[in-house]
Structure formats: C-alpha cells, structure tokens
Trainee: 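Take a look at the following structure, please.
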Number of protein chains: 2
Amino acid sequence: MTPATIKVACSNCNLRELCMPVGMDADDLQRLDVLVANRRKVLRGDRLFHAGDTFTSLYAIRTGFFKTSVASEDGREQVTGFQMAGEILGLDGIVHDRHDCDAIALEDAEVCVMPFVQVESLSREFPVLQRHVHKIMSREIVRENGVMLLLGNMRAEERLAAFLLNLTQRLSVRGFSRSQLVLRMTREEIGSYLGLKLETVSRTFSRFSEAGIIEVKQRQVKILQPDMLNQIFNGAASCG
Amino acid sequence: MTPATIKVACSNCNLRELCMPVGMDADDLQRLDVLVANRRKVLRGDRLFHAGDTFTSLYAIRTGFFKTSVASEDGREQVTGFQMAGEILGLDGIVHDRHDCDAIALEDAEVCVMPFVQVESLSREFPVLQRHVHKIMSREIVRENGVMLLLGNMRAEERLAAFLLNLTQRLSVRGFSRSQLVLRMTREEIGSYLGLKLETVSRTFSRFSEAGIIEVKQRQVKILQPDMLNQIFNGAASCG
DNA sequence: CGTTCTATTGACGGAGCTCAAGGTCTGTGG
DNA sequence: CCACAGACCTTGAGCTCCGTCAATAGAACG
C-alpha cells in the first residue's frame, strides 16, 4: 500500500525556512527530526488522501503542487485551495479524525508524513513549535476568510486578478519570478476555486491579455502590468 | 477601557459540555479555571474586537450572538460567520498577532476572556485540552470549506436552506427548538454571509413561505417542512 | 496519427443585482 | 396615547454579468 519510504530529517531540509521548523534553533531542529516518520511520493493525478479517510498525519509538501477539494451530496466539486512546497496538508482531518476533503497532486510530488500524535507530543515539549502549529492553522482560517470575501463579493475580473497575485506572491517567496508563472491546474480547476465556470476563466484571461495586462499561452502566464492587476483586485478599475 | 470584569470558573459553567472544557475530568477542570482571566460584557452593536487590533486572547461566548466580518480595500463587507454560546472567537488573530476580522455582538453578550498564552501553557500541560484546541481550529477550517462550497456552487435557495438548517442544528444542540427560531441578524447580514443581496434573501424567504416550507414573520421563522429544506440544500429540488 | 483532454470563442438566456417605492416595526418624545 | 423618525423588510421592473450550449482548435499522450 505505502509507496517506498525514505528516512529524512528537517534539520537539513532546504525548506526549513518556509515549513514546519520555522523559528527553531539548530539544537531544537535535531529533536524535530522525529517529527517526520517518512516521505511519500504522490504521482500527478493521484490522491494523497480522500474525504472520509482516517486521519493520522499532517503532510508537509517537499516538492510538487496540490489541490484540495470538497464535494456536495449531489457531486458538485469545490476546489478549496492550491498548495505548494512548504505548505501543510491535512488540517481538515483533526476535528473528526477523518479527512474532510480530497488532496490531489497536480504534478508529481513528495510529502513529509508527520503523524499527528508526534506533532502534538513535540508541541508540548517545544513552545516554539506549538506556536507555529497554531499559526499554520490560524493562517488557513484567515486565508479562507479572504476566499469567502472573494466568492461573496467580487466579480470575475477581480477574482482572477486576486488569484494571479496570490500565486505570484507565494511563488516569489519560493524564489520564482514574480512576472512569470506556469499554471499547474486547468481552467476548470481555477474556475472551481474562484466560483466561476471554465469559460468565464478563459474569457477573463483573454480580456486581460487584450488589455495588455498579461500574456497567456495555455498555462504559461506572463504578468506585464502587475499594478493593473492590483487595481482590478482592489475594485478600482476594470479592463473592459 | 475594559468594562467591569468578574472572576469566573469553567468548572461550574453550564456550557462546559459545549465549550473549552469538553472531555476534561473534574480534577483537570479545577486546573482549567485559570484559563479564563475574566469576563467581558459586549452590548448589542458593539465590537468585541476589530481587524488590526493586537491579538492577546481567545473569547468563549457565554451568552449572546456575534457576527464576524472582513472588509475589502474598497469597503465591501463579507460576513464570515455567526457565532453563539459555547463557540470560540479570535482564532484569526493568532497568525499575525493581530485580528484579521471584526467581531460584533448582534445582541447583548458576555464572553470569557482567555489569554492565549494561558491557552498554550495549559495545552502543554493537558493533552486533552491541547487536542481540543486543535479540534476547534480544525472545525473552523472545515466549516469554512463548507461555506466555500456554498458560495462557489450553490444557488440562492440552496444557500438559504443550508443557512437555516445550520442554524437550527446548532440551536437544537443548545436545547432550543428545531422548528422555530429568531434570527438575530438582518437580511443584509444574512445576504452578506451567503453572497447574496438583501433583496434576494427576502425574495427567497417569501418563496419558501409561499411553498409552505417555512413561515416567516420578520425575524421569527417557523420551519414547517425541514425535509424540504434538506432536499433543496442537497440540490434535489426547488420550490419554484 | 488518432484519441482524449484542454482551451478558446460565439450566441443566447436566466438568476440574481440594481433601482425604486411602499410597508412594517420599534423606540422616543410630546 | 399618539406622532414621528429611523431602521428594516417586501415587492416590482428592468438590466447585466455570468452560465449554458455548441462548435472549433490546439496540446498531450499512447
């Protein structure tokens, strides 16, 4: 069942500035190494976990890109987020001891498996880690507040602008360009996240493109006028 | 600045089955009493906290009813939740040490003030409390996932049905009727939460009423056919 | 090289928004 | 007790943004 596993350590991970070990000093970091039981590879299109699965672990993304989604009774899907290296998956599972959403790899990925009992036990020992875990959960709550604002109040152009700005911001923290990105998800997945249909996403991309704000070639996006995106996002202007 | 404060204890609080002390035995409960520094009264219309305020404490609602909301740059407001007795406010503040949303009392209320350093210190001591804090945050994440599904995929009738079912469910846990409730919020606040305009909320109430599913008299709502609400919520039917 | 998945674009329609006009309830002060 | 103001709610008419349906084309993959 479980794919090949590799023993690994946070202490020499190049994501330690972004991921779980934030704020811990070298000595603490050694102790943190027991946090990660093993790593797991997830191929593109495969599920890391599925709504209903028993919850045992949180997952820190080492490489790759994920989406999470929930589904209604009658099968409508809502993408609830896109996650990249250093971000944590699985927080939804804590409350009911089973996962509440699906997590699917949008490209081949590798995650660190952190048994939640270990997370809790180390949290009791290291206040810095405890605080960090709390912040990760709080950050997710705040992020979702922002998505609710977007879904409840914004128009298609504003939503897509917000989406692009958010992606480039997170990518730039990870050392990627602010002005160029490759979308890992389809128009339909973007639409699901933003509460739009794929045709609307496509049309809005085209409109941004005609206005000279971005350049789109399939999933390659070049941001030509980030300021315009900001203006659109803040409701100050449109490109139509 | 701070209103009159009263020393209080979880150990003899009648909300202990719903609130912070869930799962703790009598001995632990005594120790938990230091969790609550004091109580604070909040009058209807007043703010418990405001976006930007320094975060110091979580708040457990003892009595009353709150809304939380975020605002966009250009002033559009999104209600992100309605909270009632036993529920926890302030989780949004942890990540940046300042609050990210406003919390406003929709009726005269009283909250227990729990300094977050106390919460964390006691969490390290009591694994049961630690787990409970994690569950509260995870529950909020899961709730917001559900709201995203609602805002991204559902039509007005489905949204309002989901809203009514959610409210009655939570009220019934607190010993209130499943078939009758008094809305503490305006049509506009409901609309903001559900991503609708107040007129649409009003019209949808009227349609439910004409269909004999509910009876509405201003803020008094009687649920005549809860099954119909369930069907509408699940996308299986409409009343038009 | 054909099959399938994905993206673009157009034409049309509808759910919900906007604007507007009354109606109802609550509280306050005469 | 009544009059009045202000907040809240209801309902109608018209409009608009986005969804739906459809056709085409381009990319990816075996």
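Since this is a predicted model, take the numbers as computed values, not measurements. Here is the naming used below: chain letters follow the sequence lines, and residue numbers restart at 1 for every chain.
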Trainee: As a test of reading the structure: which of C:dC17, C:dT9, D:dT10 is closest to the side chain of A:Ser206, going by heavy atoms?
Mentor: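 The closest nucleotide is C:dT9.
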
Trainee: Distance-only, no hydrogens or angles: does the B:Ser192 side chain make a donor-acceptor pair with backbone N or O of B:Val79 under 3.5 Å?
Mentor: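 Checked: pair present.
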
Trainee: Which sits closer to the 5' end of DNA chain D, B:Glu199 or B:Arg44, going by the nucleotide each is nearest to?
Mentor: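 So the residue in question is B:Arg44.
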
Trainee: Mind checking if A:Leu198 touches a base, just sugar-phosphate, or nothing, with heavy atoms under 4.0 Å?
Mentor: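 Base: the residue A:Leu198, judged by heavy atoms under 4.0 Å, touches a nucleobase.
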
Trainee: Checking contacts here: which listed nucleotide (C:dG16, D:dG19, D:dT10) is nearest the side-chain heavy atoms of A:Lys197?
Mentor: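 So the side chain of A:Lys197 is nearest to D:dG19.
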
Trainee: What integer distance in Å separates A:Gln220:CD from C:dT6:C1'?
Mentor: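 So the CD-C1' distance, A:Gln220 to C:dT6, works out to 15 Å.
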
Trainee: Which nucleotide in the set D:dC8, D:dA22, D:dG12 lies at the smallest distance from any side-chain heavy atom of B:Arg219?
Mentor: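 Of the candidates, D:dC8 comes closest.
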
Trainee: Provide, to the nearest angstrom, the distance between the CD atom belonging to A:Glu210 and the C1' atom belonging to C:dG10.
Mentor: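 In whole Å, C:dG10 C1' and A:Glu210 CD are 13 Å from each other.
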
Trainee: Distance check needed: D:dG19 P versus A:Leu194 CG, whole Å only.
Mentor: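 To the nearest whole Å, that distance equals 11 Å.
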
Trainee: Taking the six-membered ring for Trp and the full ring for Phe, Tyr or His, determine whether the centres of B:Tyr193 and B:Phe82 are under 6.0 Å apart.
Mentor: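 Yes - the distance between ring centres of B:Tyr193 and B:Phe82 falls below the 6.0 Å cut-off.
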
Trainee: Nearest whole angstrom, please: distance from the P of D:dG19 to the CG of B:Asn153.
Mentor: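 Roughly 10 Å, once rounded to whole Å.
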
Trainee: Considering only side-chain heavy atoms of B:Ala156, which listed nucleotide, C:dG16, D:dC18, C:dT18, is closest?
Mentor: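 Taking heavy atoms from C-beta onward, the closest nucleotide is C:dG16.
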
Trainee: Nearest whole angstrom, please: distance from the P of C:dT8 to the NZ of A:Lys217.
Mentor: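 Rounded to whole Å, this separation is 13 Å.
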
Trainee: Give the intermediate values and the outcome of side chain to side chain contact (heavy atoms under 4.5 Å, CB included) for residues B:Leu160 and B:Ile190.
Mentor: CA-CA 9 Å; B:Leu160 196 63; B:Ile190 297 171; 4.0 Å; yes

Trainee: Check the phosphate of D:dC18 against A:Arg203, side-chain N and O only, distance under 4.0 Å to OP1 or OP2. Yes or no?
Mentor: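 So the side chain of A:Arg203 is outside the cut-off, no N or O lying under 4.0 Å from OP1 or OP2 of D:dC18.
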
Trainee: Can you measure B:Arg155 atom CZ to D:dG19 atom C1' for me and round it to whole angstrom units?
Mentor: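 Rounding to the nearest Å, CZ of B:Arg155 and C1' of D:dG19 are 12 Å apart.
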
Trainee: Report the nucleotide, chosen from D:dC29, D:dA27, D:dC18, that has the shortest atom-to-atom distance to any side-chain atom of A:Gln218.
Mentor: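 Ranking D:dC29, D:dA27, D:dC18 by closest atom to the A:Gln218 side chain puts D:dA27 first.
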
Trainee: So, do B:Val201 and B:Leu196 sit near enough that their side-chain heavy atoms are less than 4.5 Å apart?
Mentor: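 Yes; the side chains approach each other to less than 4.5 Å.
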
Trainee: Reckon A:Gly191 touches a base, only the sugar-phosphate, or nothing at all at heavy-atom distances under 4.0 Å?
Mentor: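 Touches nothing.
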
Trainee: Can you tell me how the ring of A:His99 sits relative to the ring of A:Phe49, calling it parallel under 30°, perpendicular over 60° and tilted otherwise?
Mentor: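 Plane angle under 30°, so parallel.
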
Trainee: Could you give the CG-to-C1' distance, from A:Leu183 to D:dA27, as a whole number of Å?
Mentor: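 My rounded result for the distance is 15 Å.
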
Trainee: Quick one: is D:dG19 close enough that its OP1 or OP2 comes under 4.0 Å of any side-chain N or O from A:Thr200?
Mentor: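 Yes, because at least one side-chain N or O of A:Thr200 sits under 4.0 Å from OP1 or OP2 of D:dG19.
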
Trainee: Between the base of D:dC18 and the side chain of A:Glu157, is there a donor and acceptor pair under 3.5 angstrom?
Mentor: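 Donor-acceptor pair under 3.5 Å: no.
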
Trainee: Which whole-number value in Å describes the distance from B:Arg184 CZ to D:dA7 P?
Mentor: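 Nearest whole value for this atom pair: 21 Å.
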
